[in-house]
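Please read the structure below before turning to the comments.
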Amino acid sequence: MTMSSINIECVLPENCRCGESPVWEEASNSLLFVDIPAKKVCRWDSLSKQVHRMTVDAPVSSVALRQLGGYVATIGTKFCALNWEDQSVTVLATVEKDKKNNRFNDGKVDPAGRYFAGTMAEETAPAVLERHQGSLYSLFPDHHVEKYFDQVDISNGLDWSLDHKIFYYIDSLSYSVDAFDYDLQTGKISNRRSVYKLEKEEQIPDGMCIDAEGKLWVACYNGGRVIHLDPQTGKRLQTVMLPVDKTTSCCFGGKFYSEMYVTCARDGMDPEDLLQQPKAGGIFKITGLGVKGIPPNPYVG
């Protein structure tokens, strides 16, 4: 596969302060994403090119599809349901009532319909924060929450292997992509290990997704790239560079899930950087990767 066949375009110059959690909604041919500090959930219609935005009352760090209709999102330290029609928010569960400085970060729904999401301390500057304050949780379909582990710095990218036996997870400041044994029936995880350690120039591992071949794609914050990894061998297969430094997350979408969408941030960039990178905070589409993704799982509660 030659690099020249890969095409990267900014399909939406959204100027997100911190764009995150891209999710493809096949039913509406739309890309969902959030702008965390702007407290916005956005839906970009790929056909009409219109963007609809919903503002919530706290930083919103991830969004996911919901089987019953509408969406679920992590807002502040709450798991919430979103009604897109009337723009209302219903709280399903709250975590860490004792940690006033914490908020959720990245989240994703597992193959059984549980909503996994982790927390972190609020940053004083991008990637600068009180360490080891976060934990990883899952919201079960009956709305009860389970906690898996704590001592997390920045809970980030997550996904599951195609056979549903492995859970992949990133705690950003460990500069590692980790794997756990995963029990689909119970949602339990065990036997943590690292499958890839990032190189210095790759910077900070952020959001992640899996493709239809079981390989991982990781957006590298401050690294301006998405890396393609083989979790079996621990080898990097490919690097796709973007015209912005603060790449935050990625997902597959579009026709047959053959396109990759990448979110990025502009918070923490000085005016000179912004002049050099006018599309910072936009939504990027990458075509020609020669690989497809798989549909996102809806939350079943």
Side-chain angles (χ1 to χ4, degrees), residues 17-21 23 32-43 53-110 112-124 129-159 167 169-172 180 186-189 206-207 248-249 296-301:
R17 288 180 55 192
C18 184
E20 261 287 0
S21 185
V23 180
L32 294 160
F33 61 95
V34 301
D35 185 348
I36 301 178
K39 306 177 182 174
K40 282 189 175 74
V41 182
C42 307
R43 186 170 78 183
R53 301 172 187 87
M54 173 172 169
T55 304
V56 294
D57 65 359
V60 54
S61 58
S62 73
V63 62
L65 308 179
R66 189 183 190 196
Q67 205 165 43
L68 297 172
Y71 309 110
V72 284
T74 48
I75 302 174
T77 55
K78 298 175 166 75
F79 283 106
C80 299
L82 306 183
N83 181 322
W84 200 255
E85 271 53 59
D86 67 7
Q87 307 259 302
S88 63
V89 176
T90 308
V91 177
L92 303 177
T94 307
V95 303
E96 300 185 359
K97 295 189 175 86
D98 56 325
K99 292 197 166 185
K100 293 286 170 253
N101 194 38
N102 273 22
R103 66 163 173 83
F104 269 119
N105 199 39
D106 209 353
K108 193 170 278 183
V109 178
D110 83 351
R114 307 173 189 97
Y115 191 7
F116 277 63
T119 56
M120 60 184 277
E122 192 57 81
E123 296 162 302
T124 51
L129 72 167
E130 194 182 343
R131 309 251 336 226
H132 313 308
Q133 295 303 301
S135 299
L136 180 71
Y137 300 92
S138 165
L139 177 72
F140 280 62
D142 66 1
H143 301 179
H144 91 274
V145 173
E146 289 198 13
K147 176 175 165 178
Y148 294 102
F149 50 80
D150 50 23
Q151 297 292 309
V152 173
D153 286 324
I154 301 178
S155 191
N156 237 321
L158 52 177
D159 219 328
F167 168 58
Y169 175 73
I170 291 169
D171 178 353
S172 288
F180 294 80
T186 62
K188 295 232 180 309
I189 60 175
D206 200 330
T248 55
S249 193
N297 304 307
Y299 174 65
V300 301

Intermediate values then yes/no, side chain to side chain contact (heavy atoms under 4.5 Å, CB included), Asp206 and Glu20: CA-CA 9 Å; Asp206 200 330; Glu20 261 287 0; 2.8 Å; yes
[X] side-chain N/O to [Y] backbone N/O, donor-acceptor pair under 3.5 Å:
X: Thr119; Y: Gly134; value: no
X: Lys108; Y: Leu158; value: yes
X: Ser138; Y: Glu146; value: no
X: Arg17; Y: Ile36; value: no

So, using salt bridge (charged side-chain N to carboxylate O under 4.0 Å, His left out) as the criterion, who are the partners of Arg43 when residues are at least two apart? Glu25
With Glu130 via salt bridge (charged side-chain N to carboxylate O under 4.0 Å, His left out) - residues at least two apart: none
Output all residues satisfying side-chain contact (heavy atoms from CB on, under 4.5 Å) with Asn297, sequence neighbours left out; order by chain, then residue number.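 side-chain contact (heavy atoms from CB on, under 4.5 Å) check on Asn297 returns Val109, Pro111.
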Taking only residues two or more places apart in sequence or in another chain, which ones pass side-chain contact (heavy atoms from CB on, under 4.5 Å) with Ser155? Leu136, Val152, Tyr169
[X] vs [Y] side-chain heavy atoms within contact, under 4.5 Å:
X: Phe149; Y: Ile189; value: yes
X: Tyr71; Y: Val41; value: no
X: Pro298; Y: Arg66; value: no
X: Lys40; Y: Met54; value: no

Determine the minimum heavy-atom distance between [X] and [Y], stating which atoms define it.
X: Lys100; Y: Lys97; result: NZ-O, 2.7 Å
X: Leu65; Y: Pro296; result: CD1-CG, 3.8 Å
X: Leu129; Y: Glu122; result: CB-O, 4.0 Å
X: Ser249; Y: Ser21; result: CB-N, 4.1 Å
X: Arg53; Y: Gln87; result: O-OE1, 3.6 Å
X: Val145; Y: Ala93; result: CG2-CB, 3.5 Å

Once ring-ring contact (aromatic ring centres under 6.0 Å, His included) is applied, do any residues pair with Phe140, and if so which ones, sequence neighbours excluded?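 Result, ring-ring contact (aromatic ring centres under 6.0 Å, His included) vs Phe140: His144.
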May I ask you to decide if the ring planes of Tyr148 and Phe116 are parallel, tilted or perpendicular, using 30° and 60° as cut-offs? parallel
Return the [atom1] to [atom2] distance between [X] and [Y], rounded to the nearest 0.5 Å.
X: Asp110; Y: Phe167; atom1: CG; atom2: CZ; result: 9.0 Å
X: Tyr299; Y: Arg114; atom1: OH; atom2: CZ; result: 11.0 Å
X: Asn156; Y: Asp106; atom1: CG; atom2: CG; result: 5.0 Å
X: Ser62; Y: Phe33; atom1: OG; atom2: CZ; result: 14.5 Å
X: Asn105; Y: Thr248; atom1: CG; atom2: OG1; result: 10.0 Å

Report, as yes or no, whether the 6.0 Å neighbourhood of atom CG on Asp57 holds more than 12 heavy atoms from other residues, nucleotides or ligands. no
Output side-chain donor-acceptor pairs under 3.5 Å for residues 75-83, partner residues at least two apart or in another chain, one line each.
{"residue": "Thr77", "atom": "OG1", "partner": "Val95", "partner atom": "O", "Å": "3.2"}
{"residue": "Asn83", "atom": "OD1", "partner": "Glu85", "partner atom": "N", "Å": "2.9"}
{"residue": "Asn83", "atom": "OD1", "partner": "Asp86", "partner atom": "N", "Å": "3.2"}

Between Gln133 and Met120, is a side chain to side chain contact (heavy atoms under 4.5 Å, CB included) present by the stated rule, with each step listed? CA-CA 6 Å; Gln133 295 303 301; Met120 60 184 277; over 6 Å; no
